[in-house]
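One structure is given below, encoded as structure tokens.
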Amino acid sequence: MNEKFAILDRLLFVLKSELEFAIPVAAIKVLTEAIDQDNASTMSELMATLDEAIKKLKSASFCSPVPIAAGCDLFQRFVTRSSPDFTDFSAFKSHIITRGQQFVSKAGSCRSLISNLAVQFIQDNKVVLIHSFSRVVMSALQLALTLNKQFRVYVTESRPSSSGLQAVKTLQDSGVHATLIMDGAVGYIMDQVDLVLVGAEGVVENGGLINQIGTYQIAMIAKACNVPLYCLAESFKFVRLFPLNQKDLPINTPLIMPYISIPDIKGSPPTHTLPDKEQLCSSLMVENPSLDYTPPNYITLLVTDLGVLTPSGVSDELVKLYF
């Protein structure tokens with residue numbers, strides 16, 4: 001690999017500069033650039049470069065390894081499948097670069113396809129609960145608004161990232177009637193909710209999902225209250241993982257971290273904070289896992305750019321992709 005091409009720095013730059021890019025798309029863009037700038041002269045050298053680049057991307061500590069793995073595995077599978085079709089190395093390399101660039105340029109249309117499918121579930125006078133900030137969920141809700149549908153949205157605060165603050169502000173700026181609630185209030189308001197919409201960091205082989213921490217408990221409460229839960233996710237987030245429980249998640253995020261006070265949506269100091277350090281027991285520790293796993297039996301349907309799928313349909317799509 002070209003030593004001047006620092007792949008982790010490039011990934012971080014793409015994520016910061018292309019805010020609409022999902023992590024798998026950013027990973028594919030960076031891998032395409034790495035191949036374009038590489039000096040390999042044979043297919044075997046190019047495959048070695050790709051393997052090294054993927055290994056480095058999967059070691060990134062600044063984002064979740066699940067969507068990184070989804071993008072890297074998808075790109076690697078495409079390269080592996082394409083190699084037998086070419087005897088000329090230059091043509092092979094050019095094909096890989098062109099297809100990678102095309103994928104990145106067309107990835108944004110997946111969000112539009114999903115929104116057009118998901119909007120049928122958002123009916124007039126319905127109450128929607130969303131968790132965390134998902135671009136594809138935002139897109140679906142904003143599309144429903146442009147279609148003059150009347151609905152209300154509850155948004156969880158989504159600690160520890162507090163990404164619900166961003167979601168509720170985005171919705172309010174768009175003209176959606178959105179209300180922020182504490183994560184612990186989900187059970188309290190669920191009997192007022194008609195449907196739950198969530199995004200995903202990754203959709204695993206059995207149709208379950210890996211998403212912002214708290215998704216699992218929301219799904220359990222929704223199931224107990226007979227409220228349908230729909231996951232909106234692009235197919236490039238399908239990942240070849242089969243977790244059996246929370247401990248099976250390939251997450252490098254530290255579980256023990258200091259308590260962080262988050263300001264409210266207007267930027268003023270938080271109403272409630274923990275006592276001063278002097279008042280705390282010196283052994284106090286706070287667990288803040290970032291993601292959790294929701295089994296497929298809690299998911300009503302997955303709305304994807306491949307269509308509306310049952311959880312079992314995900315494994316069929318992965319078989320088509322990898323076998």
Side-chain angles (χ1 to χ4, degrees), residues 1-83 86 89-108 110-111 133-135 160-161 163 166 199-202 210 212 234-241 249-255 257 260 288-291:
M1 183 182 298
N2 188 337
E3 293 182 358
K4 295 181 180 180
F5 189 83
I7 196 162
L8 290 180
D9 290 343
R10 181 58 184 165
L11 176 63
L12 187 59
F13 175 81
V14 171
L15 289 173
K16 287 183 175 181
S17 60
E18 302 287 351
L19 298 180
E20 291 302 307
F21 274 17
I23 293 176
V25 178
I28 290 174
K29 177 178 175 62
V30 172
L31 289 174
T32 303
E33 292 174 348
I35 288 178
D36 188 25
Q37 297 188 26
D38 190 64
N39 297 321
S41 57
T42 66
M43 288 190 183
S44 60
E45 289 177 354
L46 187 64
M47 297 300 281
T49 293
L50 180 61
D51 289 343
E52 180 187 351
I54 288 174
K55 183 178 180 180
K56 287 184 177 180
L57 286 179
K58 288 184 176 181
S59 72
S61 60
F62 49 82
C63 59
S64 167
V66 176
I68 285 284
C72 289
D73 291 349
L74 181 64
F75 188 77
Q76 188 173 40
R77 180 56 178 162
F78 164 69
V79 173
T80 304
R81 276 189 166 182
S82 300
S83 58
F86 291 86
F89 173 73
S90 297
F92 171 67
K93 182 176 179 179
S94 177
H95 175 71
I96 295 300
I97 294 169
T98 300
R99 289 296 299 273
Q101 292 170 342
Q102 289 175 347
F103 177 88
V104 171
S105 64
K106 293 179 179 179
C110 294
R111 204 169 293 157
F133 181 88
S134 164
R135 294 181 185 87
S161 69
S163 53
Q166 179 186 1
E201 291 281 320
I210 297 172
Q212 165 88 25
E234 301 93 332
S235 59
F236 53 71
K237 291 182 178 178
F238 290 6
V239 61
R240 295 181 67 190
L241 292 174
L249 299 184
I251 297 172
N252 299 322
T253 305
L255 296 181
M257 32 190 321
I260 301 174
N288 283 336
S290 58
L291 303 175

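Just the heavy atoms: all of them, side chains too, but no hydrogens, waters or symmetry mates, feed the values below. All of these numbers come straight from a predicted model, not from anything done at the bench.
The shortest heavy-atom contact between V14 and F21 is CG1-CD2, 3.8 Å. Contact detail for C72 and K58: the closest heavy-atom pair is CB-CE, 4.1 Å.
T32 is listed as a side-chain neighbour of F75, based on a closest heavy-atom distance under 4.5 Å. Residues L11 and I7 form no side-chain contact, since every pair of their non-hydrogen atoms from C-beta on lies 4.5 Å or further apart. When side chains are defined from C-beta on, L8 counts as touching S59, because their heavy atoms get closer than 4.5 Å. In this structure the side chain of P160 reaches within 4.5 angstrom of the side chain of Q212, judged on heavy atoms. The shortest side-chain heavy-atom distance between I96 and F78 falls under the 4.5 Å cut-off. Looking at V79 and L46, their side chains never come closer than 4.5 Å, going by heavy atoms from C-beta outward. In this structure the side chain of K237 never reaches within 4.5 angstrom of the side chain of I23, judged on heavy atoms. Between L291 and S64, the closest side-chain pair of non-hydrogen atoms falls below 4.5 Å.
Ion pairing of E20 with R111 is present here, as a side-chain N (NZ or NE/NH1/NH2) and a carboxylate O approach within less than 4.0 Å.
In this structure, the separation between CD1 on I97 and CG on D36 is 4.0 Å, given to the nearest 0.5 Å. If you take CD on E201 and OG on S134, they are separated by 9.5 Å, rounding to the nearest 0.5 Å. In this structure, CD in Q76 is found 6.5 Å from CE in M47, a value given to the nearest 0.5 Å. Taking CG of L74 as the reference point, atom CZ of R240 lies at 11.5 Å (rounded to 0.5 Å). Between the CG atom in L57 and the CD atom in E52 there is a gap of 10.5 Å [rounded to 0.5 Å]. A distance of 15.5 Å separates NZ in K56 from CZ in R10, rounded to the nearest 0.5 Å.
Aromatic ring pairs are classed by plane angle as parallel below 30°, tilted from 30° to 60° and perpendicular above 60°; the pair F236 and F103 is perpendicular.
Looking at E45, its side chain does come within 3.5 Å of a backbone N or O of S41 through a donor-acceptor pair.
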